[in-house]
Amino acid sequence: MSLEELYREVILDHYRNPRRRDALAAPTAHAEGHNPLCGDEITIDVAVSDGTLTEIAVSGQGCSISQASASMMAEAVTGKTLEEVDTLTGQFKSMMGIGDGADPIDPERPGATLGDLEALQGVKKFPVRIKCADLGWTTLEEALSSD
Ligand code: ZN
């Protein structure tokens, strides 16, 4: 299996079996994101306690890239401090070739922090889909800044 096929499998797995869909009992922040270019929608609830993102619930509809990326993000940020979430967000955007480049990923160990999210790096080749991959992250940033 080529790396490209492996990445496609990871994306499809998250699309078909999205993680962290269960509604939260006591969310502390909420945001809704929309990508009009593709029709993708993402709704996020988070619970933040003592500077840590303890729980997240993601729901939405749209293309496989947008939904899979949000699912991977949900897994990656759960249990992280807000500072770590911010770094991870920067690293993801760096990988996608967007953002301010303040948090570059270590080229020696790119998977050490991003995990399954690495599967999305191929999306960079399709500029119109980058917004799909980024939607969940932008929505999360919105939720956390409204907190
Ligand atoms: Zn899309």
Side-chain angles (χ1 to χ4, degrees), residues 1-25 27-48 52-106 110-147:
M1 188 185 275
S2 72
L3 194 58
E4 211 157 288
E5 285 168 330
L6 179 70
Y7 283 166
R8 196 176 312 134
E9 285 299 311
V10 171
I11 290 170
L12 281 177
D13 178 53
H14 276 271
Y15 178 55
R16 291 181 182 135
N17 309 294
R19 321 300 201 261
R20 314 274 171 188
R21 300 285 285 203
D22 296 336
L24 302 187
T28 58
H30 170 91
E32 287 167 30
H34 184 217
N35 172 18
L37 291 175
C38 185
D40 307 318
E41 290 169 16
I42 295 283
T43 300
I44 290 179
D45 280 307
V46 291
V48 174
T52 297
L53 196 162
T54 55
E55 282 185 293
I56 185 168
V58 177
S59 60
Q61 54 184 6
C63 71
S64 57
I65 300 293
S66 66
Q67 304 305 307
S69 179
S71 168
M72 293 177 197
M73 175 200 73
E75 286 220 299
V77 300
T78 300
K80 297 264 198 308
T81 67
L82 294 184
E83 202 179 345
E84 288 169 336
V85 170
D86 190 56
T87 300
L88 201 59
T89 302
Q91 288 175 332
F92 176 76
K93 287 175 187 278
S94 287
M95 181 180 79
M96 302 307 291
I98 53 179
D100 57 14
D103 298 296
I105 43 175
D106 183 350
T113 48
L114 289 172
D116 278 1
L117 286 160
E118 254 197 288
L120 290 163
Q121 61 186 278
V123 172
K124 197 160 64 167
K125 282 185 279 187
F126 308 98
V128 73
R129 310 307 298 280
I130 292 174
K131 277 206 182 304
C132 302
D134 188 45
L135 180 63
W137 294 89
T138 304
T139 309
L140 175 66
E141 282 184 313
E142 245 181 73
L144 293 178
S145 64
S146 71
D147 191 21

Can any side-chain N or O of [X] pair as donor or acceptor with the backbone N or O of [Y] at less than 3.5 Å?
X     : Y     : value
Gln67 : Gln61 : yes
Thr28 : Val48 : yes
Glu75 : Met72 : no

What are the two closest non-hydrogen atoms of [X] and [Y], and how far apart are they?
X      : Y      : value
Gly136 : Ala70  : CA-CB, 4.4 Å
Ala68  : Ile11  : CB-O, 3.4 Å
Ala47  : Leu24  : N-CD1, 3.7 Å
Lys93  : Thr138 : NZ-OG1, 3.7 Å
Ser69  : Leu117 : O-CD2, 4.2 Å
Leu135 : Gly33  : CD1-C, 3.8 Å

What I'd like to find out is whether the side chain of [X] reaches to under 4.5 Å of the side chain of [Y], using heavy atoms alone.
X      : Y      : result
Trp137 : Glu141 : no
Met95  : Leu114 : yes
Val77  : Arg20  : no
Val85  : Lys80  : yes

**Report entry** Leu140 vs Ile56, side chain to side chain contact (heavy atoms under 4.5 Å, CB included): CA-CA, chis, key distance, verdict
**Finding:** CA-CA 9 Å; Leu140 175 66; Ile56 185 168; 4.0 Å; yes

[atom1] of [X] to [atom2] of [Y]: how many Å apart, nearest 0.5 Å?
X      : Y      : atom1 : atom2 : value
Leu53  : Leu88  : CG    : CG    : 11.0 Å
Gln121 : Phe92  : CD    : CZ    : 10.5 Å
Glu41  : His34  : CD    : NE2   : 5.0 Å
Glu32  : Thr139 : CD    : OG1   : 9.0 Å
Leu37  : Ser66  : CG    : OG    : 12.0 Å
Cys132 : Ile42  : SG    : CD1   : 10.0 Å

Query raised in the report: Of all residues at least two apart in sequence or in a different chain, which pass the side chain to side chain contact (heavy atoms under 4.5 Å, CB included) check with Ser71?
Result: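 For Ser71, the residues satisfying side chain to side chain contact (heavy atoms under 4.5 Å, CB included) (neighbours in sequence not counted) are His14, Pro18, Arg19.
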
**Report entry** Results of side chain to side chain contact (heavy atoms under 4.5 Å, CB included) for Leu3 - residues two or more places apart only
**Finding:**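 Leu3 satisfies side chain to side chain contact (heavy atoms under 4.5 Å, CB included) with Leu6, Tyr7 only.
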
Query raised in the report: What do the steps show when you test Thr43 against His30 for side chain to side chain contact (heavy atoms under 4.5 Å, CB included), and what is the final call?
Result: CA-CA 8 Å; Thr43 300; His30 170 91; 3.4 Å; yes

**Report entry** From CA spacing to verdict: side chain to side chain contact (heavy atoms under 4.5 Å, CB included), Met73, Ile44
**Finding:** CA-CA 11 Å; Met73 175 200 73; Ile44 290 179; 3.7 Å; yes

Requested in this report: Please indicate whether Arg16 has more than 12 foreign heavy atoms, meaning atoms of other residues, nucleotides or ligands, lying under 6.0 Å from its CZ.
Outcome: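 No, because the 6.0 Å sphere around CZ of Arg16 holds 12 heavy atoms or fewer from other groups.
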
Query raised in the report: Any chance CD of Glu4 has more than 12 other-residue heavy atoms, nucleotides or ligands included, within less than 6.0 Å?
Result: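 No - once you tally the heavy atoms of other residues, nucleotides and ligands closer than 6.0 Å, there are 12 at most.
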
